[in-house]
Amino acid sequence: MKKGNLWRLLFLVSTLALVLTGCGDPELSALDPKGTGADMQLDLIMLSLYIMLGVMAVVIVIFTYVLIRYRQRPGDNHIPKQVEGNTKLEIIWTVIPIILLIILAVPTVYQTFVLAEDAAETTEDPVEIKVTAHQYWWEVEYPEYEIVTAQDIYIPAGERVHIELTSVDVIHSFWVPALGGKMDANPGLVNEMWLEAKQPGTYKGKCAELCGASHAKMDFKVVALERDQFEKWVADMKEPAPEPTTVSAQEGKQLFENNCMACHATDAGQKSLGPNLNGIADRKTIAGFMDNDKENLEKWITDPAARDVKPGSSGPKGMPAFHDKLTEEEISKVAEYLQTLTIE
Amino acid sequence: MSTHVSHAHKKKNILWDYLTTVDHKKIAILYLFAGTLFLLIGGIEAILMRLQLMVPENDLFVGTTFNQLLTMHGTTMIFFAAMPLVFALMNAAIPLQIGARDVAFPFLNSLGFWLFFFGATLTNISWFTSGGAPEIGWTAYAPLALPEYTGTGSDYYVLGLQLSGAGTLIGGINFLVTIINMRAPGMTFMRMPLFTWTSFVISALILFAFPPLTVGLFLMMFDRLFGANFFDVTMGGNVIIWEHLFWIFGHPEVYILILPAFGVFSEVIPTFSKKRLFGYHSMVFATTLIAFLSFMVWVHHMFTVGLGPVANSIFAVATTAIAVPTGIKVFNWLFTMWGGRIQFTTANMWALGFIPSFVMGGVTGVMLALPPADFQFHDSYFVVAHFHYVILGGVVFGLFAGLYYWWPKMFGTLLNEKLGKLHFWLMFIGFHMAFLPQHWLGLMGMPRRVYTYLEGQQLDTWNYVSTIGALIMGVATIVFAINIVMTFVKGEKAPADPWDGRTLEWSIPSPPPEYNFKQTPLVKGIDAFWIEKMQGNKEMTPAEPLGDIHMPSPSILPFIMSLGFFIASFGFIYHVLPVIIIGMGIGLGSMLARSLKDDLGYHIHTDELQEKGV
Amino acid sequence: METNLQTEMEHSPQSRRETAHHNEGPKPHLWAFFLSIVFTILAFAAVASEAVSTAFTIPFIIFLAVVQAAFQLFIWMHMNQKDHEFPLTFMMSGVFAAVVTVAGIILMIWW
Amino acid sequence: MSDTHVQTSTSLPPEPEKATMEGRNKFLGFWLFLGAETVLFASLFGTYLGLRNSTNGGPTTQELFSLPMVFVATVILLVSSLTSVLAIQAMHRNNMKGLQFWFGVTVLLGFSFLGLEIYEFVEYVHHGHTFTSSAFGSAFYTLVGFHGGHVLFGVLWILVLQLQGIKKGLTVVTAPKYYVASLYWHFVDLVWVFIFTVVYLMGKVG
């Protein structure tokens, strides 16, 4: 009996604590959905949770009763009746779970098919986005607008966008908990999914499949804008970046062209080996997880694979560390130039 | 047969004795010690990971190091700790439960152990090599596991699992034949103790589930070592094939671990409720049904792969169906206790603690089986919480229950009950503290296998709590270790039947003589020993007159054979042909020697047999 | 189910006595051999001949292969005879696992 | 063929392979092993079927395979299956000479099958179809090579048993070995039936 109570206490305390801390980061949590997909998924989670809590309650009640009622008392040495079974009871606890599972199966299958719908069938002319996963960053392409960018995925709010997912190296998994569940990005194969944000906002995305040393830091953002804002973003992206005005930034541009252009494009429509840096000054983060400021840019350029940056990201296909190629001063200039790459 | 190899070699030194033993009781002890060793290693790896995740943006183990820890933790716990510990209990109990003098293939039994042991050692040696341990997760998905992305650690993973997998397959065949052919007279299938039943079923699962893993590992090995292109998409390969093969094996594997635990509970709960198992027939039926279904559900590990809504729906429905037989089992246990006289021994505490813990893991399993919901759960901490609830709360609790229950039979001493209960409570509390919060962490957006998380994403509190829970489990393990050491130093001598047991193993001395049963017992029904006790008998009724007992000879060949393949593995990993040839030569030469030299065994004469033990 | 298993156990395995076996003499084996050769020729002919359509050929040759496999198992390996209850059960379980594996993998790769 | 019927021992039971507990265990255990092998080959077949069109620009199945050679290989294996069953029948008549003779023929046929297979592989390599040339190549050589490896193991095993037989004769200890070796050989033939159907014939059809 002690055990049953303790267990329930633990459960109550933890549930209470969960309520007290809320449902987690509102930009990240699947418990606080901001997309229609995540809404459906949470509904199903809650339905199954209630059914399962009901099942648990039945088990716990019988369990607690049995432990109290039938525990051995001091001096009691009787031999209990040796019961073989009880067909009626056994049928009951076979049939009831089957019924519960059927109740669950219907919305499950229905939703499985809804989530697999082609966005083009439900939305007129949906925005097409090709997302390509790399060890440890996300390339984003809008074929109809001829825009290539990285890390921040801009979408119009309130409509389904069509996403094609693939990978150029290992398997990754695309996950924006607040908007909808995961889909794997497999090399050699293309997966399709849709995503819809109910309201404008920035939503955090993660890689959910172990993909190497910096799997933990392969974050990205989905930025939902009102339709007109989104169109403005598209137009801005295609504007060339303003020429740098300060001397050091101009020198930075020169250094960038000599050292970085081989891998990083800076104009909207061009794919490159590394992330396209057009509009990097306006990105939410550096490398997906650091605040977007000059200090972090320098940190990144100096040694991207440092222990506190992204370990393993300087591999054969990755970005080399520039601390032995450029001086600190030069790195600072490059960072300054990058900060001028704005689309505003 | 002649007695020219009489047991003069009985009193040799203990190391040689264990290296050459073909006695299932000693092999059980080998499995127990090897399994416990790797359990400790895997546990330390877990605690190191939890320390890294205790606070956000921690700097203890980052990147590759952390990935090595998580890979080795998973691989070690599943293949090198849980599997051998299950085999330890099977070896210790099954021949005794069915009234047999030995297993069907004593030699292969030993070979199975040594293959496992060398495989496990091989994989763990990778820590000390320049290439480091594998860093690919215990699932080793291609292409991450290909040489383009990871070093020799992955080779150690592939070859280590190949070796230990062969050992497991041999063990599975051995137990199937043992249970089919070696049962005592009257021990029909429907009179077998439930632990024997579940072991029988999981041996069949091993038989059919390990070959896909073998093939998968071969493909991976060919890709890694010989330039094949199974998973290389630039050459037309397909990375999903590995996932299919791995999970066709992987899902039955989960049941291979949990069903014996179910078997243990089905022994422990009736024994300490003083009642026969409620619904024996439906328990057997549920076990076989779970086994059957386990081959048709593997895609629920792959819902996010993009196989389409049809495949996802079919496998979702098949998966949820497993909840029905599992539910039958839980209610049968509850109703075994109903009307009984429940004793709170340590063994039974584990069984009782298991019921709520496992039900929690089971219901989250059903939730995971729903593809739309799984799109959120998959590869998040929710899954981590789920499988630790079933594997720790189910398998490990079952192993501890079995260990406290059968320890006196294995070693002839009783573990200390007070320390045992402390061990249980610390483990129980630590376990829930560590893993309950992980459900929420997953839903709050924390993917699994991440070495860190950022500040300000509200993941800090529960990660901290989880780590404290893991540390408490660490303390519990220390208590257990103290208990074992104390028991070896001055343990209480165990009687033949310390728990007022119901099955045949309690009718013979603790520990049993090497031939187990002086005379093969005659089995009259379920719970054969209990029936005799109820009829006022102190011993089983014998089924045969007293006679000489034939025993198999010990042999060093299994050890040498496994050693040969172990050596060859290094040759494969580092591409050194002479080492491959020497290793394979030793291995195949030992096989040839085994084929050419017949084992005549030896006899134990009636005058050497002990008093007790029909 | 129980009665079935019980009767199986009537002659407990440890005290089982062998009775003389059947199917001795090479006759059924020669027949199986002859038919296997015929089926092999049929299968090759179906593929080599231009006249037979692909839609028919593939199921047809697979059917012939299954029959030939059955010859091996039941006639040459005696799987249908006494004392083969467990081999039969486990081979059938193996075939079940094999079919699920092959069908599962290829259907999900092809579509 | 069986006119060399010589009774070497009158004490041998009618089914010597199942006369002892060890024999019965070996018999059952080996059948179970074959059950596992079934799934092993199924996994290889599944992989092969999944990858057989991924030729990576190399020769396709239609261009590659030559039916007459496969037909000869098939007939060789079928005949060897028959000879191994005749060997076991000789054993059941306690005819050690017949057993050795028929197993001898089986081994010879096994070797000629292997020779043919090696010739075939060399041909393919000349056509640019190698183990590393494409995913199809890897899958093909792995599946067919696994079978070939089984054949090789089978002939070596039966040879070792034959040599043992010279010294040990036919006893309740050796009989189970012959019996399971012949089961193994039938199984290898059974797998080949599916290989020639699924790999070669279906490959030719497309």
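Since the structure is predicted, the reported quantities are computational estimates derived from the model, not experimental observations. We use all heavy atoms of the structure for the numbers below, so side chains are in, but hydrogens, waters and symmetry mates are not.
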Is [X] in contact with chain A via its backbone, its side chain, both, or neither, using a 4.5 Å heavy-atom distance?
X: B:Phe377; answer: both
X: B:Trp333; answer: neither
X: B:Val330; answer: side chain
X: B:Val465; answer: neither
X: B:Asn67; answer: side chain
X: B:Leu454; answer: side chain
X: B:Met446; answer: backbone
X: B:Phe331; answer: both
X: B:Ala142; answer: backbone
X: B:Ile136; answer: backbone
X: B:Ala145; answer: neither
X: B:Val450; answer: both
X: B:Tyr141; answer: side chain

Kindly compute the distance separating [atom1] ([X]) from [atom2] ([Y]), expressed to the nearest 0.5 Å.
X: A:Ile60; Y: B:Leu334; atom1: CD1; atom2: CG; answer: 9.0 Å
X: B:Thr71; Y: A:Leu210; atom1: OG1; atom2: CG; answer: 6.5 Å
X: B:Met337; Y: A:Leu67; atom1: CE; atom2: CG; answer: 5.5 Å
X: A:Ile62; Y: B:Phe335; atom1: CD1; atom2: CZ; answer: 5.0 Å
X: B:Thr364; Y: A:Met52; atom1: OG1; atom2: CE; answer: 9.5 Å
X: B:Phe66; Y: A:Ser214; atom1: CZ; atom2: OG; answer: 12.5 Å

### Message
Taking 4.5 Å as the heavy-atom cut-off, does anything in residues 184-194 of chain A contact chain B, and if so which residues?
### Response
A:Asp184, A:Asn186, A:Pro187, A:Gly188, A:Leu189, A:Asn191
When [options] are compared by non-hydrogen pairs under 4.5 Å with chain A, the top option:
options: B:Thr320, B:Val359, B:Ile328; answer: B:Ile328
options: B:Glu57, B:Arg449, B:Gln457; answer: B:Gln457
options: B:Thr336, B:Ile240, B:Asp527; answer: B:Ile240
options: B:Ala286, B:Gly340, B:Ala323, B:Gly327; answer: B:Gly340
options: B:Gly306, B:Gly308, B:Pro325; answer: B:Gly306
options: B:Thr64, B:Leu370, B:Asn238, B:Thr139; answer: B:Leu370

Which bit of [X] is near chain B, if near means a heavy-atom gap under 4.5 Å: side chain, backbone, both or neither?
X: A:Asn77; answer: both
X: A:Asp43; answer: neither
X: A:Val114; answer: neither
X: A:Ile98; answer: both
X: A:Lys206; answer: side chain
X: A:Phe174; answer: neither

#### Entry: side chain to side chain donor-acceptor pair (under 3.5 Å) partners of residues 366-381 of chain B, not counting sequence neighbours, each pair once
A:Gln41-B:Gln376, A:Trp175-B:Gln376, B:Thr304-B:His378, B:Asp379-B:Arg448
### Task
Any side chain to side chain donor-acceptor pair (under 3.5 Å) involving residues 86-108 of chain A? Give me the pairs, sequence neighbours left out, ordered by first then second residue.
A:Glu90-B:Ser282
Shortest non-hydrogen contact from [X] to [Y]?
X: A:Leu31; Y: B:Met444; answer: CD1-CG, 4.2 Å
X: B:Pro372; Y: A:Thr112; answer: CD-OG1, 3.4 Å
X: A:Ala213; Y: B:Tyr451; answer: O-CE2, 3.3 Å
X: A:Val170; Y: B:Pro143; answer: CA-CG, 3.7 Å
X: A:Phe63; Y: B:Leu352; answer: CZ-O, 3.2 Å
X: B:Lys274; Y: A:Pro80; answer: O-CD, 3.2 Å

### Query
Between B:Met367 and A:Leu47, is a side chain to side chain contact (heavy atoms under 4.5 Å, CB included) present by the stated rule, with each step listed?
CA-CA 9 Å; B:Met367 293 168 72; A:Leu47 172 68; over 6 Å; no
### Task
Just do the side chain to side chain contact (heavy atoms under 4.5 Å, CB included) check on B:Met534 and A:Ile79 with the steps written out, would you?
CA-CA 10 Å; B:Met534 287 299 106; A:Ile79 304 269; 4.0 Å; yes
### Message
Take a 6.0 Å sphere around CG of A:Asp291 and say whether it holds more than 12 heavy atoms from other residues, nucleotides or ligands.
### Response
no
### Query
Should B:Thr452 and A:Lys217 count as side-chain neighbours, where that means a heavy-atom distance under 4.5 Å?
yes
#### Entry: Side chains of A:Glu84 and B:Ile526 in contact at under 4.5 Å (non-hydrogen atoms)
no
### Task
Decide yes or no on salt bridge (charged side-chain N to carboxylate O under 4.0 Å, His left out) for A:Lys317 and B:Glu148, but give the supporting numbers first.
CA-CA 11 Å; A:Lys317 288 186 195 164; B:Glu148 204 181 337; 3.7 Å; yes
### Query
In terms of heavy-atom pairs under 4.5 Å with chain B, which of A:Pro26, A:Ser167, A:Ser173, A:Gly180 leads?
A:Gly180
### Any residue meeting side-chain hydrogen bond (donor to acceptor under 3.5 Å, both in side chains) with B:Glu455, in chain and number order, not counting sequence neighbours
none
### Task
Start with the C-alpha distance between B:Phe344 and A:Gln72, add both sets of side-chain angles, then the distance that settles side chain to side chain contact (heavy atoms under 4.5 Å, CB included), and finish with yes or no.
CA-CA 8 Å; B:Phe344 290 92; A:Gln72 173 169 293; over 6 Å; no
### Message
Can you confirm whether the side chains of A:Gln82 and B:Arg276 place a donor and an acceptor under 3.5 Å from each other?
### Response
no
### Query
Taking the side chain from B:Arg341 and the backbone from A:Tyr70, do they hold a donor-acceptor pair closer than 3.5 Å?
no
### Task
In sequence, state the C-alpha distance, the side-chain angles, and the governing distance for A:Leu101 and B:Val366, and then conclude on side chain to side chain contact (heavy atoms under 4.5 Å, CB included).
CA-CA 9 Å; A:Leu101 291 180; B:Val366 177; 4.1 Å; yes
